[in-house]
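To start, the structure under review is shown below, and the notes come after it.
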Amino acid sequence: MSQRSDSAAPIRVRIAPSPTGDPHVGTAYIGLINYLYARQRNGQFVLRIEDTDRTRFVPTSEQMIFDSLRWLGLNWDEGPDVGGPYGPYRQSERTAIYQEHAGQLLASGHAYRCFCTAEKLEADRKQQIAAKLPPRYPGTCRSLSAEAIEAYLAAGLPFVIRMRVPQEGSTSFTDELRGGITFDHHNVDDQVLLKSDGYPTYHLANVVDDHLMRITDVIRAEEWISSTPKHVLLYQFFGWELPRFWHMPLLRNQDKSKISKRKNPVSLIYYREAGYLPQAVINFLGLMGGGMPADFNNGTEKFTLDEMIASFRHENIRTGGPVFDLTKLKWLNGEYIRALSPDAFYAALRSTLLSDAYLQPIAALIQTRVELLSQFGDLTGFLLNDNTHPPESVFLPKNRSREETLAFVAEQLAVLETADWQPASIESVLKQLSTDKQWSVKENFMLLRAILTGSTMSPPLVESMVIFGKARTLDRMRRFLETEKKRPPAKA
RNA sequence: GGCGCUAUCGUCUAGGGGUUAGGACGUGAGAUUCUCAAUCUUAAAACACGGGUUCGAUUCCCGUUAGCGCUACCA
């Protein structure tokens with residue numbers, strides 16, 4: 001029950017990203033805050049991979065997370081790739097641990113087996129919503145008789161393990177940034193702890209791992225506040241000491257909603273490929289929510305990771321959600337670029353836009369299309385520019401209205417988001433879209449070509465997209481839509 | 001709908017019972033420059049609303065409103 005006071009245990013914090021896609025800017029933000037906390041207190045910064053959702057697992061994701069965090073300079077002391085005394089650091093390799101702990105809860109009566117099918121659960125939920133009741137697990141299996149359980153088990157029915165939240169009372173905890181927070185138990189659901197596939201849910205895994213890994217401070221995003229009472233209850237069920245909780249504000253889109261890929265570039269891969277410098281991204285993230293003294297460097301708001309270690313104050317973090325404003329990030333990035341030595345600036349170009357890895361495939365694409373070497377730039381400008389915006393006369397297909405065209409671009413964006421970034425896969429989702437929406441492949445590809453290259457004439461589209469990269473391609477489409485939506489429906 | 005969190009310029013933020021409410025980005029104007037950037041100067045721009053408490057509230061308390069989050073065998 002007692003929340004960790006100033007015990008002598010060494011400070012240990014963690015970030016726990018999920019390998020479900022591109023590494024997220026929110027992960028970098030929470031990572032930075034955790035990193036600073038550990039470095040300021042001679043503590044340990046742990047990276048744990050939360051790969052318990054097999055349906056959303058993306059194999060390439062983990063390595064991208066490693067690369068992106070290292071790119072930003074957020075180095076961890078323990079993790080899947082560097083090891084450490086509390087491993088393994090991949091939750092998929094710890095399933096026996098979770099099953100054992102779920103078993104303990106079963107034995108102590110703090111958890112129970114639930115045999116309800118997904119269909120029944122869904123039906124229950126619909127009924128509750130229709131009756132204007134809060135959707136909650138109705139407790140069907142909460143007090144199954146021993147005989148019934150035996151029978152179900154013998155019949156080989158699949159089951160999950162749910163936590164048994166007390167019917168009465170409430171659970172309170174302290175959020176280090178906001179003070180005391182209390183939830184009545186009748187607002188806390190009997191959460192699934194162990195799924196029928198044997199993998200744990202986040203709730204079980206994070207509590208068990210944080211305890212076993214001796215985590216002293218859980219610094220995570222605000223969206224977890226609502227489920228914290230479940231975690232506190234689990235600590236109590238196990239008889240474990242609570243960590244401190246710090247719930248950070250959520251990064252926001254312009255419209256204040258939680259930052260999302262539909263409205264913002266959120267992939268760290270994008271920021272790297274679009275030519276942001278890691279110092280600028282880290283600096284900008286450090287501005288979100290405050291934490292640095294306002295008069296630092298005469299209030300210019302420019303500081304390095306080391307300066308943040310020296311001066312950042314976690315207790316000064318504001319709890320209002322900051323809008324992630326690219327305009328200011330770009331200004332900061334410009335400041336860092338101008339501060340580079342000419343050699344360092346050139347080196348930065350050589351390692352990104354002018355690297356062999358980027359240029360060589362481009363050369364292969366245009367070799368048959370030039371008569372003079374000097375025509376290289378004529379054909380490839382769109383791969384080297386940040387912006388291309390075709391006029392309506394270029395992108396609008398004949399016999400298609402502006403409205404249906406923009407709607408179609410949104411569809412293209414949606415299917416490309418799901419695509420594996422290989423030529424065959426890009427081509428197949430686009431052709432499928434043509435079939436579904438009755439747009440000819442020619443119209444479809446020509447429109448996309450116009451958006452991405454600014455012209456109706458270009459090197460092969462799909463190959464160009466592969467070279468340009470998924471993150472930048474999707475961003476260019478998003479920006480196109482954004483600009484077109486703002487533009488009054490006028491002339492070409 | 002239920003529960004929770006949040007509220008200072010357009011945005012990021014400082015401040016705090018009595019202030020000309022400060023800084024940064026962006027925006028406007030001017031200067032400088034062969035152009036464009038950069039740079040310099042300068043201007044406009046905020047305490048959500050209503051009740052308290054108080055000699056005095058932007059600041060403390062309560063409420064309202066608004067925004068956001070959660071409400072999964074996702075994290």
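This structure is a prediction, so every number in the text was calculated from the model and none was measured. Every chain is numbered from 1, with letters handed out A, B, ... down the list of sequences.
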Exercise for review: Among B/rG4, B/rU11, B/rA75, find the nucleotide with the atom closest to the side chain of A/Phe183.
Suggested key: B/rG4
Point to revise | Rounded distance (Å) that lies between atom P of B/rA24 and atom CH2 of A/Trp331 | key: 9 Å
Side-chain atoms of residues 341-348 of chain A: list all donor-acceptor pairs with protein atoms under 3.5 Å, sequence neighbours left out, distances to 0.1 Å.
residue	atom	partner	partner atom	Å
A/Ser341	OG	A/Ala344	N	3.0

Practice item. Identify whether any heavy atom of A/Val192 sits under 4.0 Å from a base atom; if not, whether one sits that close to sugar-phosphate; answer base, sugar-phosphate or nothing. Key: sugar-phosphate
Check your understanding: When you compare B/rA21 with B/rG52, how far apart are their P atoms, in angstrom units rounded to a whole number?
Key -> 25 Å
Review point. Taking the same atom, P, in B/rU19 and in B/rA37, what whole-Å distance lies between them?
Key: 42 Å
Review point. B/rA38 P sits how many Å from A/Leu340 CG, rounded?
Key: 17 Å
Check your understanding: When all nucleic acid strands are considered with a 4.0 Å heavy-atom cut-off, which category describes A/Pro135: base, sugar-phosphate, or nothing?
Key -> base
Practice item. State whether A/Arg162 places a side-chain N or O below 4.0 Å from either non-bridging phosphate oxygen (OP1 or OP2) of B/rC73. Key: yes
Study note, to complete from the structure: Per atom distances to the A/Arg252 side chain, the nearest of B/rG67, B/rA24, B/rG4 is B/rG67
Check your understanding: Are A/Arg125 and B/rC73 close enough that a side-chain N or O sits under 4.0 Å from OP1 or OP2?
Key -> yes
Check your understanding: What does B/rA44 pair with, Watson-Crick or G-U, if both distances are under 3.5 Å?
Key -> none
Practice item. Identify whether the distance between the nearest side-chain nitrogen and carboxylate oxygen of A/Asp77 and A/Arg12 falls below 4.0 Å. Key: no
Exercise for review: Among B/rA24, B/rC73, B/rU6, find the nucleotide with the atom closest to the side chain of A/Thr319.
Suggested key: B/rU6
Check your understanding: For B/rU13, does either OP1 or OP2 sit under 4.0 Å from a side-chain N or O belonging to A/Arg318?
Key -> yes
Exercise for review: Give one of base, sugar-phosphate or nothing for A/Glu335, where a contact means two heavy atoms less than 4.0 Å apart.
Suggested key: sugar-phosphate
Check your understanding: Looking across every strand, which nucleic acid part, if any, lies under 4.0 Å from A/Ser227 by heavy atom: base, sugar-phosphate, or nothing?
Key -> nothing
Point to revise | Side chain A/Asn283, main chain A/Gln279, donor-acceptor under 3.5 Å | key: no
Check your understanding: Nearest to the side chain of A/Lys258 - B/rC12, B/rG2, B/rC68?
Key -> B/rC68
Exercise for review: Can you tell me the pairing partner of B/rA37 across any strand shown, Watson-Crick or G-U wobble, with both distances under 3.5 angstrom?
Suggested key: none
Exercise for review: Find the distance A/Met292:CE to B/rA14:P and express it as a whole number of Å.
Suggested key: 13 Å
Review point. Does a side-chain N or O from A/Thr55 land closer than 4.0 Å to OP1 or OP2 of B/rC74, or not?
Key: no
Point to revise | d(CG, A/Leu193; C1', B/rA75) in whole Å | key: 15 Å
Review point. Hey, is A/Asp325 close enough to A/Lys328 for a salt bridge, meaning N to O under 4.0 Å?
Key: no
Study note, to complete from the structure: Re B/rG4: Watson-Crick or G-U wobble partner, both distances kept under 3.5 Å, found to be B/rC68
Point to revise | Check: A/Phe324 ring centre within less than 6.0 Å of A/Phe284 ring centre | key: yes
Point to revise | Donor-acceptor pair present, A/Lys302 side chain and B/rA24 base, under 3.5 Å | key: no
Exercise for review: Could you work out the separation of B/rU59 and B/rG18 based on their P atoms and round it to a whole Å?
Suggested key: 11 Å
Review point. If you pin A/Asn298 and A/Leu133 to their nearest nucleotides in RNA chain B, which one's is more 5'?
Key: A/Leu133
Check your understanding: If only side-chain N and O atoms of A/Lys256 are considered, is one of them under 4.0 Å from the OP1 or OP2 phosphate oxygen of B/rU11?
Key -> yes
Check your understanding: Does A/Arg214 make a cation-pi contact with A/Tyr86, if we ask for NZ or CZ under 6.0 Å from the ring centre and within 45° of the axis?
Key -> no
Practice item. Return the nearest nucleotide to the side chain of A/Gln191; candidates are B/rG23, B/rA75, B/rA72. Key: B/rA72
**Study point:** B/rU54 pairs with, by Watson-Crick or G-U criteria that keep both distances under 3.5 Å
**Key:** none
Check your understanding: Which of the following nucleotides, B/rA38, B/rC12, B/rG67, is nearest to the side chain of A/Arg338?
Key -> B/rA38
Point to revise | Span that lies between the P atom of B/rU13 and that of B/rC74, in whole angstrom | key: 34 Å
Point to revise | Rounded P spacing from B/rG63 to B/rG69 in Å | key: 24 Å
Check your understanding: Mind checking the P distance from B/rC40 to B/rC25? Whole angstroms is fine.
Key -> 9 Å
Review point. Which listed nucleotide (B/rG23, B/rC5, B/rA75) is nearest to the side chain of A/Glu301?
Key: B/rG23
Point to revise | A/Tyr37 six-ring face occupied by A/Arg41 cation (under 6.0 Å, within 45°) | key: yes
Review point. In the structure shown, which nucleotide is the Watson-Crick or G-U wobble counterpart of B/rU32, with both distances under 3.5 Å?
Key: none
Point to revise | Nearest-Å distance once atom P is located in both B/rC12 and B/rA48 | key: 14 Å
Review point. Taking for each residue the nucleotide of RNA chain B with the nearest heavy atom, is it A/Leu177 or A/Asp325 whose nucleotide lies nearer the 5' end?
Key: A/Leu177
Revision key, fill the gap. For B/rG10, the nucleotide meeting Watson-Crick or G-U wobble distances (both under 3.5 Å) is B/rC25
Exercise for review: Provide the closest heavy-atom pair for A/Asn206 versus A/Arg48 in the form atom of the first, atom of the second, distance.
Suggested key: CA-NH2, 3.9 Å
Point to revise | Euclidean distance, atom NZ of residue A/Lys132 to atom C1' of B/rG1 [Å, nearest integer] | key: 7 Å
Point to revise | Pairing of A/Asp210 and A/Arg14 as salt bridge, 4.0 angstrom limit | key: yes
**Study point:** Length of the line joining A/Glu222:CD and B/rG67:P, which is rounded to integer Å
**Key:** 16 Å
Review point. Is the shortest distance from a Lys or Arg side-chain nitrogen in A/Arg125 or A/Glu122 to a carboxylate oxygen in the other one below 4.0 Å?
Key: yes
Point to revise | Closest to side chain of A/Pro134, choosing from B/rG1, B/rA75, B/rG23 | key: B/rG1
**Study point:** Nearest-Å distance once atom P is located in both B/rA43 and B/rG4
**Key:** 47 Å
Check your understanding: Across the strands shown, which category fits A/Phe324 at heavy-atom distances under 4.0 angstrom: base, sugar-phosphate, nothing?
Key -> nothing
Review point. Partner of B/rU59 by Watson-Crick or G-U wobble geometry, both contacts under 3.5 Å, or none?
Key: none
Exercise for review: Could you tell me whether the phosphate oxygens of B/rA72, OP1 or OP2, come under 4.0 Å of any side-chain nitrogen or oxygen in A/Lys195?
Suggested key: no
Check your understanding: Is the phosphate of B/rC73, meaning OP1 or OP2, less than 4.0 Å from a side-chain N or O of A/Lys120?
Key -> no
Review point. Got a donor-acceptor pair under 3.5 Å from the side chain of A/Ser196 to the base of B/rC73?
Key: yes
Practice item. Just call it for A/Pro229: base, sugar-phosphate, or nothing, with non-hydrogen atoms closer than 4.0 Å on any strand. Key: nothing
Practice item. Would you mind reading off the distance between A/Ile225 atom CD1 and B/rU6 atom P, rounded to a whole angstrom? Key: 7 Å
Study note, to complete from the structure: Of B/rG69, B/rA75, B/rC3, the nucleotide closest to the side chain of A/Thr52 is B/rA75
Exercise for review: Provide, to the nearest angstrom, the distance between the CG atom belonging to A/Leu204 and the P atom belonging to B/rC74.
Suggested key: 12 Å
Point to revise | Of the listed nucleotides B/rC74, B/rC5, B/rC12, the one nearest the side chain of A/Thr201 | key: B/rC74
